[in-house]
Amino acid sequence: NDTSMQHRNLNHMTREERFSEAMRRTLYALKVLLPREGWTPVGPEMKYLARAIKEFTFIIHAGVFIPCIMSYGTNEQIAKWFPLAADFRIIGTYAQTELGHGSFLRGLETIATYDRANQEFIINCPKITAMKWWPGDMGKSANHVLLMAELVIDGKKYGMHGFMVQIRDLTTHEPLPGVTVGDIGAKLSFESVDNGFLYLQNVRIPRENLLSKLSEVHPDGTYIKKGNQRLMYGSMVRVRVNLIAHEIVMPLAKACTIAVRYSAVRRQGLINPSKEEVPVLDYVAQQHKLLPQVATVFMAHFAAKQLVKMHHDYSLEVEKGNTSQLPELHALSAGMKACLSEQGAAGAEIVRRACGGHGYSCGSGLPFIVNRMLATCTYEGENTVMQLQCARYLIKCADQAKKDKLTGSVWYLSDFSNMSCTAQTFGDLQEPSVLVKLHERRAKCAVQHAGKKMQNMVKNGTPAHDAWNMMATLLINAARAHIMQYVVGTSVTYISELSCSASLKKILTQLCALYALHNINSNCGDFVKFGCLTSAQCDLAQEAEFNLLKQLRPDAVGIVDSFDFTDDILQSCLGAYDGNVYERLFEWAKQAPMNKTEVHQDSYQYLQPYLHEGRDVLEGRGRNSKL
Ligand SMILES: CCCCCCCC/C=C\CCCCC/C=C/C(=O)SCCNC(=O)CCNC(=O)[C@H](O)C(C)(C)COP(=O)(O)OP(=O)(O)OC[C@H]1O[C@@H](n2cnc3c(N)ncnc32)[C@H](O)[C@@H]1OP(=O)(O)O
Ligand SMILES: Cc1cc2nc3c(=O)[nH]c(=O)nc-3n(C[C@H](O)[C@H](O)[C@H](O)COP(=O)(O)OP(=O)(O)OC[C@H]3O[C@@H](n4cnc5c(N)ncnc54)[C@H](O)[C@@H]3O)c2cc1C
């Protein structure tokens, strides 16, 4: 209710206005509304803030830079930099990606050379491709970066390490000597974020600025490893875990709220010719577009909660020096981020398109969501790279399953029980336990199929790396199948253990079955190819999905209302709670800058001569053209 938090119409603002407005609002929220003892930008308030603000800035500062200080810094370094960063007295970003490399981290070219005489690191981007490119908050906001660079001592390379580098003067905010920094320009979305470029030339930093939890350099240049170097990748794992809730589940929930509410209001066409125009939500085709996406919101939310818990438990173990869970967590977080961002981004576009022309208007609030969700398929690990990382782990586990009984998320790879499906009716296929078994069997077969293909290629003399490359599509499918069985399995368990009313549990169970059946029907080739379902059972699976659409239709609006987004957050003429779509669209359009004058003079000057000729002809004073 604080007017300082109300959103002006973003679509009618310039990019620079949106950048400034997001910064004002974010700092107001964090510094005025929220401050109390012990609050940090990585605390539980973030989920409320991420709900309460449509566009905020300092996402990387709060979501990546600060957590990295905690992950990579020694206690002394945390004590020095965390309070400054948590209180926004320094603004940082996570500078890893370069103009020439983003996925292949071993290819990063920025160098940090140790200067023993001065006990400093000399940071250099040796060529243009080494320039840091993309980091959020870096173009105009950050005065520090957590720079990921190749450590070099006496000509020997030690791999990627994290360095705290100040890039702007703390008084003038001007770039420091040797620093060329700026905004990378207009993007598909994230208009309010200053993703930037950073070119460093002979920038010197103290030896103490190497974040040294995992390794350190002594004054004489001796390099000491202090733990599992894979933990250097830890920041990416944590962000992949966290971004699912913030950047996939929540935006998709907003898009579904808008599209379902609008579909309940928009009347268009007839089903029964003798009756009146129907709300488009009555079309089964529309239900088939929208309701599986609503189900995805819930299932992704439940699976993400489980992944966050797994990451929390893992972090406690790492503190005790036990990093054994890292490979599984890396594979799961990489796979979940990739598969759920793929589903979420596609789902947001499906529901946008289901809103017809008004879904193409920025006044719907949907293009903003769709464009922003597209970024989740690329940042924090491009999806293909992530799916292949997940597949790499699955293939290893499938080999291990031949001799060991596996546990954790891959336990099903060593389950050799009879997994044939005996479903005789579509009701059988709505049973959670049947759906879980089907997904486990499909995933197991997909992993084994990819592995077998590669083994046969290698047996026939193909080098392993070529076999991997040629079977990449099968490996990606195996990763997707693994994640789908994880999402369905964890959701079924979560719902069964949820203490809630029977009516709510019924709805959640239906949504879970809808999500699983929609996935089966969208991938029935796999389910038949791997012998999970017969062709007749595939027909039953379709019937089962359609039956659930019918059962869920009456509660569709109530279900999205339960996401509880305010009109101010949705910023949607189609999704406002009162359903006054047309009045809101007209008011919104009238506020467009194009309409601040009746005649748009800048363009009219070009048109005027021709219009006056036309006027003269029509008023009998001019000659008509020969056309
Ligand atoms: C004020 C409001 C604030 C609100 C806050 C809201 C919070 C919301 C949260 C987030 C918002 C979103 C913001 C995101 C912004 C985006 C940031 C970025 O994009 S940062 C840059 C991200 N870049 C990447 O992810 C790079 C992807 N590439 C890689 O990770 C690597 O290339 C690679 C995958 C590691 C592959 O490299 P390489 O070829 O060297 O490795 P491999 O040979 O394949 O594997 C080597 C072994 O290492 C293991 N491995 C790989 N990665 C990891 C890992 N991450 N953790 C652990 N182990 C890892 C791999 O498994 C191999 O092991 P073995 O199989 O050999 O045992
Ligand atoms: C909105 C946004 C915000 C970002 N924020 C940050 C940030 O704060 N900090 C930061 O450091 N970075 C950030 N990034 C950069 C992001 O991490 C990289 O874009 C991402 O890691 C992909 O790397 P790349 O762009 O170099 O693509 P590349 O690695 O060049 O990949 C290009 C394409 O090649 C293919 N490909 C690449 N490798 C393989 C492979 N091994 N197998 C098969 N196909 C492959 C894929 O199709 C891929 O899409 C951001 C990016 C975006 C879009």
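As the structure lists them, so they are numbered: ligands from 1, and atoms in each ligand from 1.
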Dump the intermediate steps for side chain to side chain contact (heavy atoms under 4.5 Å, CB included) on Met236 and Val239, then the final yes or no.
CA-CA 5 Å; Met236 292 178 276; Val239 175; 5.9 Å; no

Contacts table for ligand 2: protein N or O within a distance under 3.5 Å of ligand N or O, distances only.
| unit_1 | atom_1 | unit_2 | atom_2 | d |
| --- | --- | --- | --- | --- |
| ligand 2 | 8 (O) | Gly136 | N | 3.1 |
| ligand 2 | 9 (N) | Tyr94 | O | 2.9 |
| ligand 2 | 11 (O) | Tyr94 | O | 3.4 |
| ligand 2 | 11 (O) | Gln96 | N | 3.1 |
| ligand 2 | 11 (O) | Thr97 | N | 2.9 |
| ligand 2 | 11 (O) | Thr97 | OG1 | 3.1 |
| ligand 2 | 12 (N) | Thr97 | OG1 | 2.7 |
| ligand 2 | 17 (O) | Thr97 | OG1 | 3.4 |
| ligand 2 | 26 (O) | Gly102 | N | 3.1 |
| ligand 2 | 29 (O) | Ser103 | N | 3.1 |
| ligand 2 | 29 (O) | Ser103 | OG | 2.6 |
| ligand 2 | 49 (O) | Glu382 | OE2 | 3.3 |

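Between the side chains of Asp194 and Ser141, a donor-acceptor pair is found at a separation under 3.5 Å. Defined by atom type and a distance below 3.5 Å, a donor-acceptor pair is missing between the side-chain atoms of Gln201 and Tyr199.
Checking only distances, Thr57 never comes within under 3.5 Å of ligand 1, N or O to N or O. The N/O atoms of Thr97, backbone and side chain alike, include none that comes under 3.5 Å of an N/O atom in ligand 1. Considering backbone and side-chain atoms alike, Val239 places every N or O at 3.5 Å or more from each N or O of ligand 1. Among the atoms of His330, some N or O lies under 3.5 angstrom from an N or O of ligand 1. For ligand 1, the polar-atom distance check finds an N/O of Gln96 within less than 3.5 Å of one of the ligand's N/O atoms. Polar contact with ligand 1: absent for Thr26 (N/O pair, distance under 3.5 Å). Residue-to-ligand polar distances place Arg240 within reach of ligand 1: an N/O pair is separated by less than 3.5 Å.
Cation-pi contact between Lys254 and Phe565: present, with separation from the ring centre below 6.0 Å and deviation from the ring axis of at most 45°.
Among pairs with a residue in residues 234-249, those fulfilling salt bridge (Lys or Arg N to Asp or Glu O under 4.0 Å) read Glu247-Arg372, at least two apart in sequence or across chains.
At a heavy-atom cutoff of 4.0 Å, ligand 1 is contacted by both the backbone and the side chain of Leu105. Under 4.0 Å from ligand 1, not a single heavy atom of Glu382 appears. When heavy-atom distances to ligand 1 are checked against a 4.0 Å cut-off, Phe56 comes that close only through its side chain, counted from C-beta outward. Contacts between Glu380 and ligand 1, counted as non-hydrogen atom pairs separated by less than 4.0 Å, involve both the backbone and the side chain.
Residue contact check: Ala62 has heavy atoms under 4.0 Å from atoms 3 (C) of ligand 1. When each atom of ligand 1 is checked for a heavy atom of Ile59 under 4.0 Å away, the hits are 11 (C). Those atoms of ligand 1 that come under 4.0 Å of a heavy atom in Ile60, given as number and element, are 13 (C), 15 (C). Listed by number with element, the atoms of ligand 1 under 4.0 angstrom from any heavy atom of Ser103 are 27 (C), 28 (N), 29 (C), 31 (C), 32 (O). Set against the non-hydrogen atoms of Arg106, the atoms of ligand 1 under 4.0 Å away are 38 (P), 39 (O), 40 (O), 43 (O). In summary, the atoms of ligand 1 found under 4.0 Å from a heavy atom of Lys396, numbered by their order in the structure, are 64 (P), 65 (O), 66 (O), 67 (O). The contact set between ligand 1 and Gly102, taken as ligand atoms under 4.0 Å from a residue heavy atom, comprises 26 (C). Proximity to Tyr94 (heavy-atom distance under 4.0 Å) selects the following atoms of ligand 1: 20 (S).
Using a cut-off of 4.0 Å between Lys/Arg side-chain N and Asp/Glu carboxylate O, Arg24 and Glu21 are scored as salt-bridged. Salt bridge present: Glu342 and Arg480 bring a charged side-chain N and a carboxylate O closer than 4.0 Å. Of the charged side-chain nitrogens involved, at least one lies within less than 4.0 Å of a carboxylate oxygen, so that Asp183 and Arg15 count as a salt-bridged pair. Ion pairing between Glu150 and Lys157 fails under the 4.0 Å rule for side-chain N and carboxylate O.
With sequence neighbours left out, Lys156 forms a salt bridge (Lys or Arg N to Asp or Glu O under 4.0 Å) with no residue at all.
Looking only at side-chain heavy atoms (C-beta outward), Glu317 and Ser324 stay at 4.5 Å or farther from each other.
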Kindly list each side-chain donor-acceptor pair under 3.5 angstrom involving residues 327-337, sequence neighbours excluded, with atom names and distances?
| unit_1 | atom_1 | unit_2 | atom_2 | d |
| --- | --- | --- | --- | --- |
| Glu328 | OE1 | Tyr393 | OH | 3.4 |
| Glu328 | OE2 | Ser409 | N | 2.7 |
| Glu328 | OE2 | Ser409 | OG | 2.5 |
| His330 | NE2 | Gln389 | OE1 | 2.8 |
| Ser333 | OG | Leu329 | O | 2.7 |
| Ser333 | OG | His330 | O | 3.1 |
| Lys337 | NZ | Thr376 | O | 2.8 |
| Lys337 | NZ | Tyr379 | O | 2.9 |
| Lys337 | NZ | Gly381 | O | 2.5 |
| Lys337 | NZ | Asn383 | OD1 | 2.9 |

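Under a 4.0 Å heavy-atom criterion, Val64 is not in contact with ligand 1. By the 4.0 Å heavy-atom criterion, Ala245 is excluded from the residues contacting ligand 1.
Ring planes of His61 and Phe58: perpendicular class, angle over 60° (limits at 30 and 60°).
The backbone N or O of Leu406 lies less than 3.5 Å from no partner atom in the side chain of Asp404, so there is not a single donor-acceptor pair. Between the side chain of Arg168 and the main chain of Asn143, no donor-acceptor pair closer than 3.5 Å is present.
In the displayed structure, Lys187 atom NZ is contacted under 6.0 Å by more than 12 heavy atoms of other residues, nucleotides or ligands.
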